[in-house]
*Asks:* 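Sharing a structure, written as structure tokens. Questions coming.
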Amino acid sequence: MKPAVSTLVLTLLFALAASAARAQQLDEKQMLGRQVFAQSCGICHLQPVLGVKTYGPLLNKTAAAGSDDAMRAIIANGSERMPAFRHYLKPAEIDAIVAYIRTVPVSDSPNAPKQGEMR
């Protein structure tokens, strides 16, 4: 294996291991939220991979100023740049997404965008 390829493989394996470790700490509702988030929100809000840009900000426990009600309203009703999901997701799924996002730590990476910063 070339050194650059092996470094990339090790980095990906480390990221997967860290994700799996965090997943083991989630309760059932948060696990559902993680799954629904990945399926419905991930295209715009997940960390980009290999230079792919996101459409929306990365989300973490500080999103919507820490207000669960505000986050539910944004997910259900959308915003200027985000579609409403109230007709697509059940209220329990929206609650699960909020519960999951509240478990996502704030990234301390110097290259990570600040909350609300567009790429």
Side-chain angles (χ1 to χ4, degrees):
M1 222 186 283
K2 295 181 182 177
V5 174
S6 63
T7 302
L8 176 62
V9 170
L10 288 174
T11 302
L12 289 173
L13 288 174
F14 178 74
L16 287 172
S19 176
R22 189 165 36 113
Q24 292 173 354
Q25 299 170 1
L26 300 178
D27 64 25
E28 189 174 318
K29 182 177 185 178
Q30 294 162 339
M31 290 292 289
L32 172 64
R34 184 175 123 181
Q35 177 185 358
V36 176
F37 179 83
Q39 293 170 340
S40 301
C41 314
I43 190 69
C44 294
H45 293 288
L46 283 178
Q47 180 71 26
V49 179
L50 299 175
V52 176
K53 297 183 186 249
T54 60
Y55 295 103
L58 298 176
L59 300 177
N60 58 49
K61 61 185 177 181
T62 65
S67 169
D68 291 356
D69 290 335
M71 181 160 305
R72 279 187 201 91
I74 292 168
I75 295 168
N77 302 316
S79 68
E80 293 175 14
R81 295 176 42 125
M82 184 179 115
F85 284 92
R86 69 176 168 259
H87 301 294
Y88 175 69
L89 297 174
K90 298 173 188 168
E93 291 173 319
I94 293 173
D95 288 343
I97 291 170
V98 172
Y100 167 66
I101 290 173
R102 294 298 175 223
T103 69
V104 178
V106 177
S107 176
D108 56 358
S109 168
N111 297 330
K114 306 297 183 264
Q115 182 66 30
E117 177 183 52
M118 298 308 297
R119 296 176 160 250

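Position 1 is the first residue of the sequence; numbering continues from there.
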*Asks:* Starting from the C-alpha separation in whole Å, work towards a yes-or-no answer on side chain to side chain contact (heavy atoms under 4.5 Å, CB included) for Phe37 and Leu46.
*Replies:* CA-CA 9 Å; Phe37 179 83; Leu46 283 178; 3.3 Å; yes
*Asks:* Would you say the side-chain atoms of Arg72 pair up with the backbone N or O of Pro91, donor to acceptor, closer than 3.5 Å?
*Replies:* no
*Asks:* Is the side chain of His45 donor-acceptor paired with the backbone N or O of Pro57 at a distance under 3.5 Å, no angle test?
*Replies:*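 At least one qualifying donor-acceptor pair exists.
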*Asks:* State the CD1-CD1 distance between Ile75 and Ile94, to the nearest 0.5 angstrom.
*Replies:*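 Those atoms lie 6.5 Å apart.
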*Asks:* Rounded to the nearest 0.5 Å, how far does OG1 of Thr62 lie from CD1 of Ile101?
*Replies:*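 Spacing of CD1 (Ile101) from OG1 (Thr62) equals 10.5 Å.
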*Asks:* Do you know which two heavy atoms are closest between Ile43 and Tyr55, and how far apart they sit?
*Replies:*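 Looking at all heavy atoms of both residues, the shortest contact is O-CD1, 4.1 Å.
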*Asks:* Please find the pair of heavy atoms, one from Ala84 and one from Ala76, that lie closest to each other, and give the distance.
*Replies:* CB-O, 3.2 Å
*Asks:* Going through the distances and angles, do Ser67 and Asp69 end up as a side chain to side chain donor-acceptor pair (under 3.5 Å)?
*Replies:* CA-CA 5 Å; Ser67 169; Asp69 290 335; 5.3 Å; no
*Asks:* Looking at CD1 of Ile97 and CG of Leu89, how far apart are the two atoms once the value is rounded to the nearest 0.5 Å?
*Replies:*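 It is 5.0 Å, given to the nearest 0.5 Å.
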*Asks:* Hey, is the main chain of Asp27 close enough, under 3.5 Å, to the side chain of Gln30 for a donor-acceptor pair?
*Replies:* yes
*Asks:* To the nearest 0.5 Å, what is the distance between CZ (Arg34) and OH (Tyr100)?
*Replies:* 6.0 Å
*Asks:* Verify, without hydrogens or angle tests, whether Glu93 (side chain) and Lys90 (backbone) share a donor-acceptor contact under 3.5 angstrom.
*Replies:*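 Between the backbone of Lys90 and the side chain of Glu93 there is a qualifying donor-acceptor contact (under 3.5 Å).
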*Asks:* For Ala63, does its backbone N or O pair with a side-chain atom of Arg102 as donor and acceptor, under 3.5 Å?
*Replies:*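 Here the side-chain-to-backbone pair exists.
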*Asks:* With hydrophobic residues grouped by side-chain heavy-atom distances under 4.5 Å, do Tyr88 and Ile74 end up in a single group?
*Replies:*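 Yes; Ile74 is reachable from Tyr88 via cluster members.
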*Asks:* Could you state the interatomic distance from NZ (Lys29) to OG1 (Thr103), rounded to the nearest 0.5 Å?
*Replies:*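 Going from the NZ atom of Lys29 to the OG1 atom of Thr103 covers 12.5 Å.
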*Asks:* Working note: Val104 + Lys61, criterion side chain to side chain contact (heavy atoms under 4.5 Å, CB included); need CA distance, chi angles, decisive distance, verdict.
*Replies:* CA-CA 5 Å; Val104 178; Lys61 61 185 177 181; 5.8 Å; no
